[in-house]
Amino acid sequence: MTSAQVDQHRDGNEAAGAEGSEGGEGYQRGLGARQIQMIAIGGAIGTGLFLGAGKGISKAGPSLILAYAVAGLIIFFIMRALGELLMYRPVSGSFSDYAREFIGPFAGFVTGWTYWLFWVVTGITEVTAAAKYITYWTDIPQWLSALVFTVVLYGANLISVKLFGELEFWFSMVKVTAIIGMILICAGILTLGFSDAGDTASVAHLWNQGGFFPHGIDDTLMTLQMVMFAFLAVELVGVTAGESKDPKTVLPKAINTVPWRIAVFYVGALIMILSVVPWTSFSAGNSPFVVAFEKMGLPAGAGIVNFVVLTAALSSCNSGMYSTGRMLRDLALNSQGPKAFTKLTSSGTPLIGTTFSAALMLVGVWINYQWPGKAFDYVVSFATISGMWAWIVILICQIRYRAKADRGELPRSEFRAPGAPWTSLVALAFIGMVIVLMGIDKDARVSLYCAPVWGLILAGAYLVLRRRDPEAAAFRKR
């Protein structure tokens, strides 16, 4: 690329990223700094922490804290790699778009459809979970609650991106408040000694109950797949790039908060909980927050946590509604999906893509209600590997982009990832290790069986689309 082309490319990016009422792909730039920050925070907090951590604690003991800390560092590497790409060219549907540019058209096709499937599957499981949580307070049929949640979130996503952002802001606020409240209560018990756990609470619980690695390092390693699953959706902030009011300013700030978010909400919360209540009190299938409240003699906490987990599930489903429509539109704009998905409402939201995804989520809820057997569980298990695919693509694209920028072929990003490309290579190696561990674990192995089948389906669809329009720009490497 010549210097003139580089300047032209830079000018185009600045125009696309400039603050204004309309984004570069026809979207409305309705997400402000407050909402982007909370979307970034909420993406790192979900049912993986509120519910899934119970299994991790029973398997690894206090060493789960270390697993979250190490995985959190890897997540920071991934997010800084994404940040470098976003500042180079902030676009909605960024993962597949970067894959097309830096890997190839087939990689963009696979990434877009795989990330779409990830959120559809996640939406199915989360809206079903939300319906189950409602039964804690009422006897309303599960299918009716699932229907109401899906329709309400679907409607909110069609009205405007600002309403989506506002919903996500308050969903995230509930989650953040719950965790900070738990940390403050535990700190009070440790220092003031109140509640039923006041006489026994001690940081010594972290090493006096069989040691920091009570079941050995091997069991701690096996929890990494679960830990990484808990962090899935943290990259959602990248999908919001095309609808951020000031992406050049807002996105770097949101990404740079990743370390303290993980330090407080995961590492800090677990340190406090396991200091107040011995790790031997927790078991798989039970929320560590609920168990901790019960051990403290605060049974009302169970209802509070149920509300928080309900909020976390609705937050995830809301994010799924948002991202699926954008990914489908990005694919359609690049001739890698039906043209109908390009249609926007007057408020700038992708009508057909969001509707199609919401309909599939409803079908999934019905399937789960009718046949809650192993077949559905196998589909759900695919969410982990499909979510990590987006991370792998982000890292590979950042490595290739940095190489081109250093050679002067592309403009340098204003938000360069520190330590890259080595940090990106370390993150890729870590993800590779997690995938190997998934292959060893018989419960998680099924997701690796699903991946090749999905790959074959996508390969066939790609060949059909390319044969129909071989001259389309989306099928030529840039």
A.B. asks: Flag the pair Ser319 / Phe171 as yes when at least one side-chain heavy-atom distance between them is below 4.5 Å, and no otherwise.
C.D. replies: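 When only atoms from C-beta onward are counted, Phe171 and Ser319 do not touch, as no gap falls below 4.5 Å.
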A.B. asks: Mind listing the side-chain donor-acceptor pairs of residues 419-434 below 3.5 Å, one per line with the distance, residues two or more places apart or on another chain?
C.D. replies:
| from | atom 1 | to | atom 2 | distance (Å) |
| --- | --- | --- | --- | --- |
| Thr423 | OG1 | Pro418 | O | 3.4 |
| Thr423 | OG1 | Ala420 | N | 3.4 |
| Ser424 | OG | Gln398 | OE1 | 2.7 |

A.B. asks: Please identify each residue that fulfils side chain to side chain contact (heavy atoms under 4.5 Å, CB included) with Ser316, with sequence neighbours left out.
C.D. replies: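 Testing Ser316 for side chain to side chain contact (heavy atoms under 4.5 Å, CB included), a comparison that skips the adjacent residues, returns Trp119, Thr122, Glu126.
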A.B. asks: Is there a side-chain contact between Glu235 and Tyr115 (heavy atoms, below 4.5 Å)?
C.D. replies: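 Of all side-chain heavy-atom pairs linking Tyr115 with Glu235, at least one is under 4.5 Å.
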A.B. asks: Tell me if the NZ atom of Lys59 is crowded by more than 12 foreign heavy atoms within 6.0 Å.
C.D. replies: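 Buried by this count: over 12 neighbours within 6.0 Å.
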A.B. asks: More than 12 heavy atoms of other residues, nucleotides or ligands under 6.0 Å from CZ of Phe213: is that the case?
C.D. replies: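 Correct, the count exceeds 12.
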A.B. asks: Taking C-beta and beyond as the side chain, do Thr324 and Thr354 meet within less than 4.5 Å on heavy atoms?
C.D. replies: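 Heavy-atom side-chain distance check fails, nothing below 4.5 Å.
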A.B. asks: Could you list the donor-acceptor pairs under 3.5 angstrom formed by side chains in residues 222-233, with sequence neighbours left out?
C.D. replies:
| from | atom 1 | to | atom 2 | distance (Å) |
| --- | --- | --- | --- | --- |
| Thr223 | OG1 | Thr220 | O | 2.5 |
| Gln225 | NE2 | Met222 | O | 3.3 |
| Gln225 | NE2 | Asp441 | OD2 | 3.2 |

A.B. asks: Side-chain contact, heavy-atom cut-off 4.5 Å: Val309 with Phe289?
C.D. replies: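 Result no, sub-4.5 Å side-chain heavy-atom pair not found.
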A.B. asks: Between Ile394 and Tyr98, is there a side-chain heavy-atom distance shorter than 4.5 Å?
C.D. replies: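 Side-chain contact under 4.5 Å: no.
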A.B. asks: A side-chain contact here means heavy atoms from C-beta on lying under 4.5 Å apart; do Leu190 and Met272 qualify?
C.D. replies: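 Sidechains of Met272 and Leu190: in contact.
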A.B. asks: If you count every heavy atom of other residues, nucleotides or ligands that lies below 6.0 Å from Trp113 atom CH2, does the total exceed 12?
C.D. replies: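 Counting other residues, nucleotides and ligands, CH2 of Trp113 exceeds 12 neighbours.
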A.B. asks: What are the two closest heavy atoms between Trp454 and Thr114, and how far apart are they?
C.D. replies: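 Nearest pair, atom of Trp454 first, then Thr114: NE1-OG1, 3.0 Å.
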A.B. asks: Do Ser96 and Asp330 have a side chain donor and acceptor closer than 3.5 Å?
C.D. replies: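 A donor-acceptor contact under 3.5 Å links the two side chains.
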A.B. asks: Any non-hydrogen side-chain atom of Phe356 less than 4.5 Å from a side-chain atom of Trp116?
C.D. replies: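 Yes - at least one pair of side-chain heavy atoms lies under 4.5 Å apart.
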A.B. asks: Locate the shortest heavy-atom distance separating Arg80 from Asn256; write the atom from each residue and the value.
C.D. replies: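 Scanning both residues completely, I find the closest heavy atoms to be NH1-OD1, 3.2 Å.
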A.B. asks: Would you name the heavy atoms of Ala417 and Ala81 that are closest together and state the gap between them?
C.D. replies: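 Minimum heavy-atom separation between Ala417 and Ala81: CB-N, 4.1 Å.
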A.B. asks: Could you check whether the rings of Tyr266 and Tyr68 sit parallel, tilted or perpendicular, using 30° and 60° as the cut-offs?
C.D. replies: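 Taking Tyr68 first and then Tyr266, their aromatic rings sit tilted (interplane angle of 30° to 60°).
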A.B. asks: I want to check something: taking the side chain as every heavy atom from C-beta on, are Ile65 and Leu206 in contact at a cut-off of under 4.5 Å?
C.D. replies: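 In contact.
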A.B. asks: Do Thr355 and Tyr154 have side-chain atoms, one donor and one acceptor, less than 3.5 Å apart?
C.D. replies: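 Judged by distance alone, the side chains do pair up.
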